[in-house]
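Written below as structure tokens is the structure these notes are about.
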Protein chains: 2
Amino acid sequence: MDSINIKKLAEALKLSTSTISRAFRDNSDISSATKERILAKAKELNYQPNHYASNLREQKSKTIAVIVPELANNYFSQAIHGIERIARENGYHILIYVTDDDYKKEVNFIQHLHNGRADGIIMSVSGEANDHNYLNNFGAKRLPLVFFDRIYEDIETPRVITNDYNSSYLATEHLIEQGCNRVAYMVVNKSLSIGKTRMQGYIDALTKHEIAFDENLIVDCSNSYEENSVIVKRALLELKPDGVFASVERLAFATYYACYDLGIKIPDDVKVISFSSLEIAPLLNPSLTTITQPAAEIGEEAAKLLFQILDNDADKNQSNELILESKIIARNSTSNGVK
Amino acid sequence: MDSINIKKLAEALKLSTSTISRAFRDNSDISSATKERILAKAKELNYQPNHYASNLREQKSKTIAVIVPELANNYFSQAIHGIERIARENGYHILIYVTDDDYKKEVNFIQHLHNGRADGIIMSVSGEANDHNYLNNFGAKRLPLVFFDRIYEDIETPRVITNDYNSSYLATEHLIEQGCNRVAYMVVNKSLSIGKTRMQGYIDALTKHEIAFDENLIVDCSNSYEENSVIVKRALLELKPDGVFASVERLAFATYYACYDLGIKIPDDVKVISFSSLEIAPLLNPSLTTITQPAAEIGEEAAKLLFQILDNDADKNQSNELILESKIIARNSTSNGVK
DNA sequence: TTGTACGCGTTATCAG
DNA sequence: CTGATAACGCGTACAA
């Protein structure tokens, strides 16, 4: 092998490996003369301390894992970007895992991360509501974990979420104020924390405004583009809603496509509001009224929370919760003014 | 420490560590009885072979690094998703690095990856056209590297790109056929491979159609949202183009926003075409004509190429090039029919 | 089929 | 300030 290691560098410099090592770490004392000599030679020979050896030695990887349900989604890519920024500042690397909303993958990822590969995990959980008690089976060995956005309520661990209930309430109220009284709620998994919380806000807003809650108006969608197309079209035709509240961005798009196809006019025939972090919502036809989550900030806060735990691993299992505010931005898709 | 390792597991089972080790690897012989016994106990005690120790031993990390200029961008998130899928199939993990188009970060990432952390790199290079010869300074130690989309032409390494020249040519021709003869070309860095290639297609199409190339119509944009807003508005007002060819998605959005603000009508006053992987291009106002790159596929192919090299590291430095086809999808932003 | 012993490349400890 | 040495957890010759 022609690869360079600490021993060869030591030989080349007629020094011991310990001295070399010291040159690369800040704590131990070393004369600045030798240190410079070492670093210079190291650069010349392209030496870097082997990461795996260091990690083995120090029992930490300086790596965190990020698990998300999907990637090609503005929300998650912005969140990851936020995480990445904070991680980089802290000298950490990040591993990415995509579950495609598959619970089995999630379990698999988590389990295989408990082998030293990562020091901590930031996760937005998959959309399948299975038994997630598996997270409790690691005992004391469980890695520090921070949830963001989509969480399991019964797992005690720090989390960063948005004020979903309140936003949903306001979003529904917004539709009502714009004259809707048959508001359909589009959801992917209404039993999952996020779908559930958001639905409650919807229901309570209806009640407050004395509109009877009609269970038929809860439209259960899937993660498949094709299936949603069918589901949404049928819902629009059969339920004849005058408002649509999409609990995730994708369902707003499905609604737009369906309306185009069916000749239903937004906002005249049906008004649409959606949770969405889409930066180009103003460019849609019509521009989309959104409940915008501070995606990047959520990622950053989740990362900060994780690093807090990593820094003083005393309070590993404390369940602090950070709630960030989403903002409703009214645009044409819910306007009832003159066009 | 209460953490479990191979030694403790061995003790618990009254076996030697080597036997345990064998149970987790396929090659060595071991009686299936003991193997099962070991795996069962391992599961019970939550034992997994320590990743760093294994890697140190085997000198490979089963990890690849993906370096991209940005994350909150449909193209890159789709590409990464493609890479992720292939990596997972091959049992590899992926590390993500975002350069924010900062050349210094890129160099830094690459250098620090050469310490065993990753077995290979997939990169779309940053937008700054600096000296990238640094990639040649690793000598034999250089990690297998695959470029995708944005490449350095003078670095010999496998790459996956799209037929940019041809697509640009056709895109420009499309605008001309729709009646444009003052087509502005919006570009972020015209000296970077991708901006350059795309510009050449633009120029050649003009020439072919006997339209004089006017250098003023090349609009040099930046990566900043605010700056672009100013630049694009000024360009629209001063140059009065009847067509805009955006070399990246972001500039098409900037053009849309600018047109809204200035009361310029798309496509009546100016037609717009753009390189873009935006899945909701049909939902824009007006729907955007795109040159759509097969982003996920590009990612997949890049990953496959890398794994080919990793599997038989003989031909590390061969420079095979894979060219995938982009597709022009005409929509309303370039239509000249009756609205 | 199973066990022993060594080394992968580092770093912390201790001695000088 | 520098050097020798042991240990991190694992996998593989080699021996039994």
Side-chain angles (χ1 to χ4, degrees), chain A residues 1-39 41-42 45-63 91 112-119 141, chain B residues 1-39 41-42 45-63 91 112-119 141:
Chain A
M1 285 295 267
D2 56 348
S3 80
I4 180 86
N5 58 24
I6 199 171
K7 226 179 286 177
K8 288 191 195 152
L9 185 58
E11 268 177 40
L13 286 163
K14 308 222 179 287
L15 286 169
S16 76
T17 60
S18 6
T19 310
I20 307 292
S21 178
R22 274 188 274 260
F24 282 90
R25 337 216 77 251
D26 296 334
N27 44 357
S28 309
D29 343 56
I30 183 174
S31 85
S32 59
T34 39
K35 178 166 176 178
E36 272 177 37
R37 202 158 63 93
I38 292 172
L39 292 181
K41 194 72 174 180
L45 298 184
N46 240 302
Y47 167 78
Q48 289 178 61
N50 180 292
H51 182 245
Y52 289 113
S54 305
N55 288 164
L56 177 57
R57 190 53 232 247
E58 304 189 346
Q59 303 288 39
K60 57 177 56 170
S61 64
K62 282 278 189 181
T63 303
H112 285 277
L113 281 168
H114 284 78
N115 63 354
R117 202 183 249 285
D119 295 339
K141 212 188 141 203
Chain B
M1 286 295 268
D2 56 348
S3 80
I4 179 87
N5 58 26
I6 199 171
K7 224 178 289 177
K8 289 191 194 153
L9 185 58
E11 268 176 41
L13 285 163
K14 308 223 179 288
L15 285 170
S16 78
T17 60
S18 33
T19 310
I20 308 293
S21 177
R22 275 188 272 260
F24 281 90
R25 339 217 75 249
D26 297 334
N27 45 357
S28 309
D29 339 57
I30 183 174
S31 85
S32 58
T34 39
K35 178 166 177 177
E36 272 177 37
R37 203 159 62 91
I38 292 172
L39 292 181
K41 193 72 173 180
L45 298 183
N46 242 303
Y47 168 77
Q48 289 179 59
N50 180 290
H51 182 246
Y52 289 111
S54 306
N55 288 164
L56 178 56
R57 187 56 233 252
E58 303 193 341
Q59 304 287 35
K60 57 177 57 169
S61 64
K62 282 276 187 185
T63 303
H112 285 276
L113 281 168
H114 283 79
N115 63 353
R117 201 182 250 284
D119 295 339
K141 213 187 140 202

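Letters A, B, ... mirror the listed sequences (proteins, then strands); counts begin at 1. Keep in mind that this is a model prediction, so the values were computed, not measured.
- In this structure, the CD1 atom of B/I20 is 15 Å from the C1' atom of C/dT4, given to the nearest Å.
- Of all non-hydrogen atoms in A/S54 and A/P49, the two that sit nearest each other are OG-CB, 4.3 Å.
- Note: B/I38 CD1 to B/I20 CD1 = 4.0 Å, rounded to the nearest 0.5 Å.
- Base engagement by B/S21 is indicated by at least one non-hydrogen atom pair under 4.0 Å involving a base atom.
- The side chain of B/E58 approaches D/dT12 more closely than any other nucleotide in the set C/dT1, D/dG3, D/dT12.
- OP1 and OP2 of C/dT4 both lie 4.0 Å or more from every side-chain N or O belonging to B/S16.
- The phosphate of D/dG9 has OP1 or OP2 within less than 4.0 Å of a side-chain N or O from B/N5.
- For the OP1/OP2 pair of D/dG3 and a distance below 4.0 Å, the side-chain nitrogens and oxygens of A/R22 include no atom meeting the criterion.
- Whole-Å rounding puts the A/I6 CD1 to D/dT5 C1' distance at 14 Å.
- Considering only side-chain N and O atoms, A/R25 lies nowhere under 4.0 angstrom from the phosphate OP1 or OP2 of C/dT10.
- Protein atom CG of B/L13 is 14 Å distant from nucleotide atom C1' of C/dT2, rounded to whole Å.
- Residue B/K14 contributes atom NZ, which lies 14 Å from atom P of C/dT4 at whole-angstrom precision.
- Atoms NE2 (B/H114) and C1' (C/dG9) sit 18 Å apart, rounded to a whole Å.
- Across all strands shown, B/S54 has heavy atoms under 4.0 Å from sugar-phosphate atoms exclusively, and none from any base.
- Side-chain proximity of B/I30 to the nucleotides C/dT2, D/dC8, C/dC8 is greatest for C/dT2.
- Protein atom NZ of B/K7 is 15 Å distant from nucleotide atom C1' of C/dG3, rounded to whole Å.
- Between A/T34 and D/dT2 there is a side-chain N or O to OP1 or OP2 distance below 4.0 Å.
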inquiry  = Before you tell me yes or no, could you show the steps for B/E58 and B/R25 under salt bridge (Lys or Arg N to Asp or Glu O under 4.0 Å), namely the whole-Å CA-CA distance, both residues' side-chain angles and the distance that decides it to 0.1 Å?
reply    = CA-CA 12 Å; B/E58 303 193 341; B/R25 339 217 75 249; 3.0 Å; yes
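- Distance check, rounded to the nearest 0.5 Å: OG of B/S21 to CZ of B/R57 gives 9.0 Å.
- OP1 or OP2 of C/dT10 has at least one side-chain nitrogen or oxygen of A/Y47 nearer than 4.0 Å.
- Both B/S18 and B/L56 lie close to DNA chain D; mapped to their nearest nucleotides by heavy-atom distance, the more 5′-ward contact belongs to B/L56.
- Spacing between atom NZ of B/K8 and atom P of D/dC10 amounts to 11 Å, rounded to whole angstrom units.
- As judged by a 4.0 angstrom heavy-atom cut-off over every strand, A/F24 is placed among residues making no nucleic acid contact.
- Toward the 5′ end of DNA chain C lies the nearest nucleotide of B/S31, the other residue of the pair B/S31 and B/A53 mapping further downstream.
- As judged by a 4.0 angstrom heavy-atom cut-off over every strand, B/L15 is placed among residues touching the sugar-phosphate backbone only.
- Side-chain to base pairing of B/R57 with C/dG9: no donor and acceptor N or O lie closer than 3.5 Å to each other.
- Side-chain N/O atoms of B/Q59 include none lying less than 4.0 angstrom from OP1 or OP2 on D/dG11.
- Using a 4.0 Å cut-off, no side-chain N or O of A/T17 falls inside it from OP1 or OP2 of D/dA4.
- Note that CD1 of B/I6 and OG of B/S16 are 8.5 Å apart. Values are rounded to the nearest 0.5 Å.
- The separation between B/N55 atom CG and D/dC10 atom C1' is 10 Å, rounded to whole Å.
- Remark: A/R117 CZ to B/K62 NZ distance equals 10.0 Å, nearest 0.5 Å.
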